[in-house]
Amino acid sequence: MRLSRYFLPLIKELPTDAAIASHRYMLRAGLIRQNAAGIYSWLPLGRRVLGKIEQIVREEQNRAGAVEMLMPTIQSADLWRETGRYEAYGPEMLRITDRHGRHMLYGPTNEDMITDIFRSCVHSYKGLPQMLYHIQWKFRDERRPRFGVMRGREFLMKDAYSFDLTREEARRSYNRQFIAYLNTFARLGLKAVPMRADTGPIGGDLSHEFIILAGTGESEVFCHADLVEMPAPGHVDFDGDLQPLVDARTALYAATDDMYDADEFAKIPQDRRLSARGIEVGHIFYFGDKYSAPMAAAVMDGDGRPVHVKMGSYGIGVSRLVGGIIEASHDDDGIVWPKTVAPFGAGIINLKVGDEQTDKVSRDIYDRLAVAGIDPLYDDTDDRGGVKFSRMDLIGLPYTVTVGPRGLGDGVVEVKTRATGDRQSLPPGAAIRFITGEFA
RNA sequence: CGGAGUGUAGCUCAGUCUGGUAGAGUACUGCGUUCGGGACGCAGGGGUCGGAGGUUCAAAUCCUCUCACUCCGACCA
């Protein structure tokens, strides 16, 4: 992409309304614009990041055996009345009346709807297990939206739902998502720690929150430091026994403040005790027949008797992750995107647009990086050098190639690694090989 | 929902107490000089002062109502 043709509205001043780093940088770097409290437009750069995160989540869901579908944002109140949640949910649910006076709502979640779909389509245990997911915009009318997309009212969620005949089989579905989450967050460049969670109003007795550690986290967390350093499982056989992998991740103590037990925490060796602030980016739980019973979602078992399916649901806050990643990865100059989610893989700064040689070399590097799938952003504007450098730092692309007459006089360009600040002078060909190698 | 604030130029804000021709910086446009880490000079364009009503000869400023947004707290399948 050529910057001169891109839409990248940056803000130089510190936005006074934004209290935390991710919110400030998302506004300043032109990722989002607020339209109403807790409701944002995703500008081109932000849309790219959101899409990359979404795609990684999708790939890991597919790998774990989940099947993608899509449910609507607007739902009829009828299903919610069946489960009693229409009355129970409270003012966080945005209620809408259509032209015929029918009660509708902007979905805050989809358990009721997916259960309805399932019950009308699957009637035999032979149709189990089943794991469906969708990535969809949701709305919760938060009393006080804040922190930009971290606590917005409209937000993008991945929600998966599992259906099994027995609790034991449901546990296997739960484990599949558990492992998929570890791999997903690792690919996003995050250290996410699973923590035993309160199952809350939705009920059930098997639940974990996935928390990333960041100074501005919304809640305090306590855990064994080894958990943070444990590598993700990576490629595993999702049809095999995942229990040992899950056990390894749940044996050590980890809890959010509402589940905190000082005595348990004290049992951790002193130098391994970690108390920090965390951001919840995923939540998985098993809730059995909480919805299948009231909604009569049953299948015939092998003996011809109807059994309410055992369900679980598994959420990842996709839009929240954009803010979460920035909270975990930024410095005084701007965002530092992990390679896997960066809106562009590399930036190219042409310091003297209009100069035959810098134009040619810049263009050549651009073409070759593009062919290599790096998806470069070429700064071909006639802004001054300083403006270009600080702009690249702000938007946080992993690598920047600077092409200027001075360097080209010696046959070199400069490659800067955003995360470390390292700069190396290399011939153009070596610079391209270095960057493509980093993405291999 | 309790508490505290803020709405004036695209953005950041001053002016409101004490009513009297709407300002600064930045951004933007033009010209010139600059050009390897957010340049400089000159000239210019841009605001029904969140909205409605009221008081007054006169309202950004005083009064009433209202809307929006922000921050702290509580809340947060």
Side-chain angles (χ1 to χ4, degrees), chain A residues 9-20 23-24 27-28 30 33-40 80 83-85 88-93 107-112 114 138-148 150-153 155 157 159 161 197-204 207 209 217-219 256-258 279-280 282-287 290-291 311-317 320 332-334 349-355 358 379 381-395 400-410 412-414 416 421 423 425:
Chain A
L10 304 182
I11 296 172
K12 202 164 166 183
E13 284 102 10
L14 209 61
T16 47
D17 287 348
I20 61 171
H23 191 190
R24 284 199 296 264
L27 292 167
R28 288 195 53 207
R33 261 188 84 81
Q34 179 169 319
N35 295 304
I39 299 177
Y40 296 86
W80 289 71
T83 54
R85 291 217 287 175
Y89 213 92
E92 286 207 341
M93 174 155 30
T109 179
N110 289 70
E111 281 90 0
D112 316 74
I114 192 73
K138 307 198 164 190
F139 193 94
R140 277 180 212 156
D141 200 356
E142 298 277 353
R143 279 182 183 141
R144 182 151 104 77
R146 66 185 111 173
F147 304 148
M150 302 265 288
R151 182 81 185 280
R153 291 195 290 176
F155 52 95
M157 284 283 288
D159 275 289
Y161 303 95
D198 188 354
T199 49
I202 205 161
S207 176
E209 289 177 2
E218 59 204 332
S219 57
T256 54
D257 47 6
D258 51 325
I279 300 167
E280 180 190 345
H283 197 161
I284 63 177
F285 49 103
Y286 170 77
F287 48 76
K290 180 179 170 69
Y291 298 97
M311 296 173 56
S313 86
Y314 315 89
I316 289 180
R320 162 177 277 210
D332 289 345
D333 295 323
I349 290 178
N350 182 346
L351 280 175
K352 194 170 183 183
V353 174
D355 177 271
T358 60
D379 188 341
T381 66
D382 53 10
D383 289 319
R384 303 167 67 83
V387 173
K388 297 188 176 201
F389 291 130
S390 56
R391 176 163 53 209
M392 279 299 177
D393 287 342
L394 176 61
I395 68 175
T400 298
V401 184
T402 300
V403 182
R406 204 167 77 194
L408 287 186
D410 300 326
V412 297
V413 297
E414 183 187 89
K416 176 178 170 181
R423 300 174 196 195
S425 289

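Throughout, a chain's letter reflects where its sequence line sits, starting with A, and its residues are numbered from 1. Here the structure is a predicted model, which is why all the values come from computation and not from measurement.
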**Q.** Protein-nucleotide distance (A/Leu14, atom CG; B/A27, atom P), rounded to Å
**A.** 17 Å

(Q) Without decimals, in angstroms, what is the distance between A/His283 NE2 and B/A77 C1'? (A) 8 Å

(Q) For A/Asp257, I'd like to know if atom CG has over 12 heavy atoms of other residues, nucleotides or ligands within 6.0 Å. (A) yes

Q. Considering only the P atoms, how many Å lie between B/G19 and B/U56, rounded to the nearest integer?
A. 16 Å

Q. Is there a donor-acceptor pair under 3.5 Å between the side chain of A/Lys388 and the backbone N or O of A/Thr402?
A. no

Q. Which value, in whole Å, describes the distance between the P atoms of nucleotides B/G15 and B/U6?
A. 11 Å

Q: Hunt down the Watson-Crick or G-U wobble partner of B/C13, both distances under 3.5 Å, from any strand shown, or write none.
A: B/G23

Q. Has the side chain of A/Tyr291 got a donor or acceptor atom that lies under 3.5 Å from a matching backbone atom of A/Ile114?
A. no

Q: Compare side-chain N and O positions of A/Arg144 against OP1 and OP2 of B/C72 and report whether any pair is under 4.0 Å apart.
A: yes

Q. In whole Å, what separates the C1' atom of B/G46 from that of B/C28?
A. 9 Å

Q. Does any nucleotide pair with B/U64 by Watson-Crick or G-U wobble geometry, both distances under 3.5 Å, and what is it?
A. B/A52

Q.
With no hydrogens and no angle check, just 3.5 Å: does a side-chain donor-acceptor pair link A/Thr109 and A/Arg85?
A. no

**Q.** Atom P, compared across B/G41 and B/A27: separation rounded to whole Å
**A.** 12 Å

Q | Along RNA chain B (nearest heavy atom to each residue), the more 5'-positioned of A/Asp159 and A/Arg146 | A | A/Arg146

Q: May I have the distance from A/Arg143 (atom CZ) to B/A77 (atom P), rounded to whole angstrom?
A: 12 Å

Q) Is A/Ala18 touching bases, backbone alone, or none of the nucleic acid, heavy atoms closer than 4.0 Å? A) nothing

Q: Determine which nucleotide pairs with B/G45, using a 3.5 Å limit on both distances of a Watson-Crick or G-U wobble pair.
A: none

Q: Give one of base, sugar-phosphate or nothing for A/Met93, where a contact means two heavy atoms less than 4.0 Å apart.
A: nothing

(Q) Looking at A/Arg153 and A/Ala37, would you say the former's side chain and the latter's main chain have a donor-acceptor pair under 3.5 Å? (A) yes

Q: Give a yes or no answer on whether the side chain of A/Arg140 reaches the backbone of A/Pro108 with a donor-acceptor pair at less than 3.5 Å.
A: yes

Q. Mind checking who B/U33 pairs with, Watson-Crick or G-U wobble, both distances under 3.5 Å?
A. B/A39

Q. Using the C1' atom in both, what is the distance from B/G53 to B/C67, to the nearest Å?
A. 14 Å

Q. What string of B, S and - do you get for nucleotides 29-38 of chain B, 5' to 3', when a contact is any protein heavy atom under 4.0 Å?
A. -----B-BBB

Q: Can you tell me, in whole Å, how much space there is between the P of B/A60 and that of B/A52?
A: 12 Å

Q.
Please identify which of these residues, A/Glu414, A/Lys416, A/Met392, meets the side-chain contact (heavy atoms from CB on, under 4.5 Å) condition with A/Ile349.
A. A/Met392

Q | C1' gap between B/C76 and B/U12, integer Å | A | 33 Å

Q) Considering only B/C76, B/C69, B/A77, which nucleotide approaches the side chain of A/Asp17 most closely? A) B/C69

Q. Thinking salt bridges, do A/Glu111 and A/Lys290 make one under a 4.0 Å N-O criterion?
A. no

Q.
What's the gap between B/G25 and B/C71 when it is taken at their C1' atoms, as a whole Å value?
A. 25 Å

**Q.** base_contact_polar (B/A77 base, A/Arg140 side chain, donor-acceptor, <3.5 Å)
**A.** yes

Q: Could you check which nucleotide pairs with B/C1 in any of the strands shown, counting Watson-Crick or G-U wobble with both distances under 3.5 Å?
A: B/G73

